[in-house]
Amino acid sequence: MDLLEYQAKELFRDAGIPVPAYQRIDRPADLKSLTIPYPIAIKSQVYMGGRGRLGGVRMASNTIDAIAAAHTIFNLPIMGELPKVLLAEAKFEIDQELYLAVVLNRSIRRPVLLGSAQGGIDVQTAIAQMQQVVVDQEFSPFYARRLVLKMGLSGDLLNAVTDVIERMYRLFLNKDLDLVEINPLAVNTAGEVMALDGKVSANDAALGRHPALAALDMRSGQGATLKESRPPGAAWLPDVLSTVDPDGQIGVLANGAGLTMATMDLVCQAGGKPLNCLNIGGETRSDALPEDLCERLEQGLELLSRNKQIKVILVNIVSGTLPCSRVTQAIAKFLQRPVSIVRSVNSPHDEVRLSRVKPFPSLVVRLVGVQLQEAELSLAKTPAIFVEDLDQAITQTLSLVRKREP
Ligand code: GDP
Ligand code: MN
């Protein structure tokens with residue numbers, strides 16, 4: 001179960017991690033009775049990351065601007081998700097942004113500390129600088145310190161960041177969390193640190209032991225938020241998402257009703273169990289604007305990947321209007337989206353392998369159309385698997401499902 005930022009910050013505050021003074025905003029008029037001083041940051045409270053990049057984080061220095069910003073953000077879907085509440089918080093002057101996380105490595109069943117001296121919205125840079133320390137014995141501050149040294153920090157900052165990591169770790173342990181992430185942990189010119197963003201995922205299996213945490217679940221049903229939250233008149237509703245087999249582990253995404261059904265049939269014939277099939281459209285000319293198709297592709301991937309039951313997503317796109325390289329660009333963009341940087345850290349000895357989303361489904365991509373080679377090349381840099389032949393793509397999908405079975 002994921003928490004919203006303001007909920008994560010509540011946990012941070014209780015754990016002694018510095019957070020800005022903040023207030024939850026349920027409607028724009030709440031800003032009239034704001035108790036924190038201006039300037040403030042106003043932030044969309046959605047489960048998606050990348051809000052900064054998409055206009056979901058705005059600064060305001062007076063009430064009029066703040067109310068206007070709140071109106072804008074309330075009506076701005078972030079990857080199809082509209083916020084039900086906003087967060088207003090004291091603006092912090094940023095000199096440096098760090099990335100920090102504590103994450104459970106399932107394969108070795110040990111927590112891992114992650115840190116990058118280059119945090120913030122540029123996820124690729126953060127990943128390039130990522131350092132890790134496996135907590136292989138009982139935790140001691142030594143582990144936190146080792147990470148901070150690896151990150152290249154020194155002096156007072158070393159101590160301040162070590163303290164934050166220790167507190168993140170205790171929180172992680174006490175609440176049985178899967179992930180505690182701070183990005184950015186901002187540093188001002190005075191060397192003070194502040195958690196400006198927080199992501200917390202609780203372990204679903206342990207929620208019974210933490211009723212207060214379980215009560216924070218604001219999400220009703222997978223994907224439902226996406227549907228409900230689209231503004232009236234929005235171009236596309238993912239109501240084409242049909243459940244095929246409730247025990248299924250495969251998500252099928254294709255363009256056009258015929259292709260979607262055919263792909264689903266072939267998967268079933270091969271012995272696979274599709275949970276959901278999603279048609280991103282594109283049969284009619286008006287439906288096939290490249291930007292729209294790419295956006296629907298991204299949204300469709302998001303929708304399918306939110307369902308933890310789906311182990312593999314098979315993308316089958318036969319593209320007349322859209323070069324294959326555009327399709328793979330959209331897929332690559334989706335894979336880079338900073339919902340949260342960390343998800344699975346594979347082995348203590350390997351390089352940190354950072355893939356998106358906890359247990360994020362594998363992606364098998366089959367394309368027909370022009371610029372196939374460019375498409376293949378651009379996917380080669382991502383975890384997605386490119387397969388030219390549909391039968392092979394289906395075989396690959398099934399074998400990945402088997403591999404990922406517990
Ligand atoms: P995300 O894009 O969804 O990860 O949202 P964040 O909460 O991380 O905000 C994105 C970016 O907005 C951060 O990396 C900061 O650079 C900036 N930001 C967020 N809060 C503040 C703040 O209080 N003060 C300032 N100056 N910048 C902020
Ligand atoms: Mn962030």
Side-chain angles (χ1 to χ4, degrees), residues 2-13 17-25 31 34 36-61 65-66 69-70 72-74 76-103 114-127 129-130 164 168 179-201 298 302 333-334 336-343 354 356-357:
D2 297 334
L3 299 190
L4 289 167
E5 178 192 6
Y6 78 91
Q7 299 172 324
K9 281 180 167 164
E10 240 158 74
L11 296 182
F12 290 175
R13 196 174 52 191
I17 296 167
V19 291
Y22 64 82
Q23 211 169 311
R24 185 179 129 167
I25 304 295
L31 285 154
L34 198 66
I36 50 179
Y38 285 97
I40 59 168
I42 305 174
K43 309 173 74 175
S44 183
Q45 297 299 285
V46 289
Y47 292 95
M48 301 292 109
R51 296 164 303 166
R53 193 168 52 86
L54 298 167
V57 176
R58 284 161 199 261
M59 306 297 156
S61 43
D65 290 353
T72 307
I73 298 177
F74 267 121
L76 177 79
I78 304 285
M79 295 318 294
E81 185 186 351
L82 274 181
K84 294 192 176 74
V85 295
L86 310 185
L87 178 70
E89 66 180 18
K91 184 179 170 194
F92 189 75
E93 285 313 321
I94 303 177
D95 184 47
Q96 193 185 353
E97 294 183 302
L98 309 176
Y99 174 94
L100 294 178
V102 181
V103 61
L114 293 168
S116 171
Q118 301 276 329
I121 56 177
D122 182 357
V123 178
Q124 294 312 308
T125 316
I127 291 177
Q129 307 282 321
M130 198 64 76
V164 171
M168 288 168 78
L179 170 76
V180 180
E181 183 190 74
I182 298 179
N183 184 34
L185 180 78
V187 187
N188 66 12
T189 45
E192 291 158 337
V193 297
M194 193 68 87
L196 292 194
D197 188 14
K199 180 135 185 70
V200 165
S201 296
E298 276 189 62
E302 184 65 54
K333 198 170 138 218
F334 164 77
Q336 281 170 6
R337 279 221 322 269
V339 164
S340 158
I341 296 181
V342 181
R343 292 307 176 160
L354 300 156
R356 274 186 78 249
V357 188

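Just so you know, ligand 1 is whichever comes first in the structure, and atom 1 is the first atom listed for that ligand. Quick caveat: nothing in here was measured; it's all calculated off a predicted structure.
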Check: [X] N/O within less than 3.5 Å of ligand 1 N/O:
X   : result
G50 : yes
K91 : no
R51 : yes
F92 : yes

Any idea which atoms of ligand 1 are less than 4.0 Å away from a heavy-atom of [X]?
X    : answer
M59  : 18 (N), 21 (C), 25 (C), 27 (N), 28 (C)
N183 : 8 (O)
P184 : 8 (O), 13 (C), 14 (O)
G49  : 3 (O)
E97  : 13 (C), 14 (O), 15 (C), 16 (O)

query: Quick one: does A90 get within less than 4.0 Å of ligand 1, heavy atoms only?
result: yes
Could you tell me if the side chain of [Y] sits less than 4.5 Å from the side chain of [X], heavy atoms only?
X    : Y   : result
I25  : I42 : no
M194 : P20 : yes
Q23  : L34 : yes
L31  : I40 : yes

statement: Heavy-atom proximity to atom 10 (C) of ligand 1, picking from I121, D197, L54, points to I121
message: Run the salt bridge (charged side-chain N to carboxylate O under 4.0 Å, His left out) test against E89 and tell me which residues pass, sequence neighbours left out.
response: K9, K43
- line: Shortest non-hydrogen pair, Y38 vs A66, comes out as OH-CB, 3.6 Å
message: Which heavy atom of M130 sits nearest to which heavy atom of S116, and what is that distance?
response: SD-CB, 3.9 Å
statement: The residue among R51, R24, Q7, K84 that forms side chain to side chain contact (heavy atoms under 4.5 Å, CB included) with Q45 is R51
query: Name of the D197 N, O or S atom nearest the Mn ion (ligand 2)?
result: OD2
